[in-house]
Protein chains: 2
Amino acid sequence: MTDTMPRAAVPTLDEVALLAGVSRATVSRVVNDSPRVSPEARAAVRSAIAELRYVPNRMARSLVTRRTDTIALVLNEPNTQVFSDPFFASIVRGVSATLADTDLNLVLLTAQDEREQEKIGRYARMGHVDGVILMSVHSDDPLPDILAEAGMPLVMCGRPFDDRAVSYVDADNRGGAEVATAHLIATGRRRIATITGPLDMIAGVDRLAGHRAALAAAGLQSFPQLEAEGDFTEAGGARAMESLLGRDPELDAVFVASDPMAVGALSALRVAGRRVPEDVAVVGFDDAAVATRCDPPLTTIAQPLADMTPLLTELLLRQIEGAGEAVESRVCRTSLVRRASA
Amino acid sequence: MTDTMPRAAVPTLDEVALLAGVSRATVSRVVNDSPRVSPEARAAVRSAIAELRYVPNRMARSLVTRRTDTIALVLNEPNTQVFSDPFFASIVRGVSATLADTDLNLVLLTAQDEREQEKIGRYARMGHVDGVILMSVHSDDPLPDILAEAGMPLVMCGRPFDDRAVSYVDADNRGGAEVATAHLIATGRRRIATITGPLDMIAGVDRLAGHRAALAAAGLQSFPQLEAEGDFTEAGGARAMESLLGRDPELDAVFVASDPMAVGALSALRVAGRRVPEDVAVVGFDDAAVATRCDPPLTTIAQPLADMTPLLTELLLRQIEGAGEAVESRVCRTSLVRRASA
DNA sequence: GGACTGTTGGAGAGCGCTCTCACAGTGCAC
DNA sequence: GTGCACTGTGAGAGCGCTCTCCAACAGTCC
């Protein structure tokens, strides 16, 4: 069996044409839904395709069309923990769902170190994908540059560090954080700590800036010892909370820059014997599913993911279509979701 | 600017050849590391490639070689929660690391419903990938059939439900579960419950079978009310534990078919006021990182992931090389890791 | 009847690459 | 000198597809 069929006999356009009694060109027209085909020819081709179980060879097609109908969602993250971040899962699901109705394919690429980033850069430049959505960008990642330089259509999920001309979709992280901390202030808290995201990520930076701005607006000073850097993971949140409690046992509120970290903070507070929200009020960020399940349910800032993911793909597709189209970006509004923790 | 360069001027082999003063064939030889090139020619080509920033067009190459140098890791799972399963993250990282030294690319594909599975099937059949590693297969998934029928090299992570001739790599789930429950019995427990995985997944089925076998071997009966089905998530584990406690408040041990579920069970037990391991002993499965972090640290069954992921890729690559190669499968040994929970 | 328009289908030229084959050149044994 | 093995190189034929012509034909109008 292995000898008699060294490779599966994959039918080609020509064979379909032969069977249908038309030319290659006509088969191609049918496959690509061109209107310029008579119903009879179309029917003949359709049945020949079905009979031969013909599937177009994408490589051959791509070679001439310069399109692969594939876009990549690149997760740029050394830490495998990200996989467990519900924000990431939501984006993947959202983008995937948006593309389900098209005949575009979505591939996920993960880069755990610089070497893998370069590999992905090569992968993209070799023409495997039409465009890239880039997530979880750290300040020193070379991938945005590699891709931009190659002229690859690119949309970043999260605004870039510098003011480069690149499309992005982002939540209003700064504004959301400001609202979160303002809410804490409005409920009478005065010693307000924060657990930040990684400060080499723009979401981490922006949320910290928002927090500080709210403090300043209320005439409160921001103390370095009330700021602890987390890594967007639950374990990191717990560690950061412990550290904060060590530095200032009197703190009465904490704005945590992501829900998974907030869940970690909640357990650290429990371990330390603090009641939430009586002793320490907690506000998270994301409005992840876990925010409703934890104890107490988390007051948090909702990111409009339902708006963001379609936008992400829309911006990318427009760039792919329009070749030299202008760079376009969107910032989506966040909102405070009040639950029990603050 | 957009008008003057309607598309980035991507250099081709011919241009490199022209600049280097050699033929296309020689450039191709250099690019593909053929030894049959003089050092001078090689050097000339290398510098021309560098100067033009030439990257081979993968589509053109694939068209003739019939290889894409890309393999797909397909995650077949309606539930986005899987992303947070450390087992999945470990496999992704492992496979990715194994491939990092090769010039093979890894793409992740996720299928959330049957429609997306078919899309992936088409994607593969169109020749985007050389082979597929399939994870998280449920009993009624059509994808294995679609791929097998198309003659796509395929390795499943986890053995298939029926005895079909397909390569797979799996942990000894049945044996591991047997050891887990036997350990519970050996420490004097008698009312031993289990939280199973989804029973439309082979890992769920096998671990339950092992648990029952251990019970039977010790002359203990297995009661349906001591078996609750989970979904491999923490929340599912907590729910299942609550349900078990409701059904039999006297239970003194529980074998939980995954660590995330065990963590959920631990919190449910805490809420119910049970001490672990004094009142209820708990054994998990996976030896995920979380098993060391939870309270108390989890006694669990370690899966030899370090063996499994290289095996997964190795088996697939052998299949890709050897076209009609014989199907080959491996079951990797598990081991009991004793910590504080049992 | 002739010129024109519109529709359908085919011929053929590539897309950028690999790879076989032929060929020139070199070294060495006879 | 001839024969032979071997090495480095180039010419050229595709891989399977798309897409631009262009031909053939039918219908319409003057």
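Reckoned from all heavy atoms, side chains included, excluding hydrogens, waters and symmetry mates. From a predicted model like this one, the values you see are computed outputs, not experimental measurements. Within every chain, numbering begins at 1; the chains are lettered A, B, ... in the order of the sequence lines, protein sequences first and strands thereafter.
- Going from atom CE of B/M126 over to atom P of D/dC17 covers 10 Å, rounded to whole Å.
- The separation between A/R42 atom CZ and C/dT7 atom C1' is 13 Å, rounded to whole Å.
- Distances from the side chain of B/N57 to the nucleotides D/dT9, D/dC15, C/dG16 place C/dG16 closest.
- Heavy atoms only, all atoms of each residue included: B/M201 and B/S136 are closest at CE-OG, 3.6 Å.
- Between B/Y54 and B/T12, the shortest heavy-atom contact is CE1-C, 3.7 Å.
- Atoms CD and CG, from A/E328 and A/L311 in turn, are 8.0 Å apart once rounded to the nearest 0.5 Å.
- Between the side chain of A/S62 and the backbone N or O of A/R58, at least one donor-acceptor pair lies under 3.5 Å.
- Spacing between atom CG of A/D14 and atom P of C/dG10 amounts to 13 Å, rounded to whole angstrom units.
- Distance from the side chain of A/T26 is smallest for C/dG9 among the nucleotides D/dT7, C/dG9, C/dT8.
- Summarising the geometry, the separation between NE2 on A/H128 and P on C/dG16 is reported as 16 Å, rounded to the nearest angstrom.
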Just the table, please: protein N/O against nucleotides 18-20 of chain C N/O, every pair under 3.5 Å.
residue, atom, partner, partner atom, Å
C/dT18, OP1, B/N32, ND2, 3.1
C/dT18, OP1, B/R61, NE, 3.2
C/dT18, OP2, B/S28, OG, 2.7
C/dT18, O4, B/R24, NH2, 3.1

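- In this structure, CD of B/E40 is placed 10 Å from P of D/dG8, rounded to the nearest angstrom.
- Atom CD in B/E15 sits roughly 8 Å away from atom P in C/dG16 (whole-Å rounding).
- Closest to the B/T12 side chain, of the nucleotides C/dG16, D/dG10, D/dC17, is C/dG16.
- Between B/S23 and D/dG10, a side-chain N or O to OP1/OP2 separation shorter than 4.0 Å is present.
- Taking every heavy atom of both residues into account, A/A60 and B/L63 meet most closely at CB-CD1, 3.5 Å.
- B/N32 and B/R61 make their closest contact through OD1-NH1, 3.3 Å (heavy atoms, listed as atom of the first residue, atom of the second, distance).
- Closest of all the heavy-atom pairs between A/C332 and A/V169 is SG-CG1, 4.4 Å.
- One can place CD1 of A/I49 at 10 Å from P of D/dC17, the figure rounded to the nearest angstrom.
- Phosphate contact (OP1/OP2 of D/dG16, side-chain N/O of A/R58, threshold under 4.0 Å): absent.
- Nearest-nucleotide positions on DNA chain D for B/P35 and B/L63 put B/P35 closer to the 5' end.
- In this structure, B/L18 atom CG and C/dG16 atom P are separated by 15 Å, rounded to whole Å.
- Between B/S38 and D/dT7 there is no side-chain N or O to OP1 or OP2 distance below 4.0 Å.
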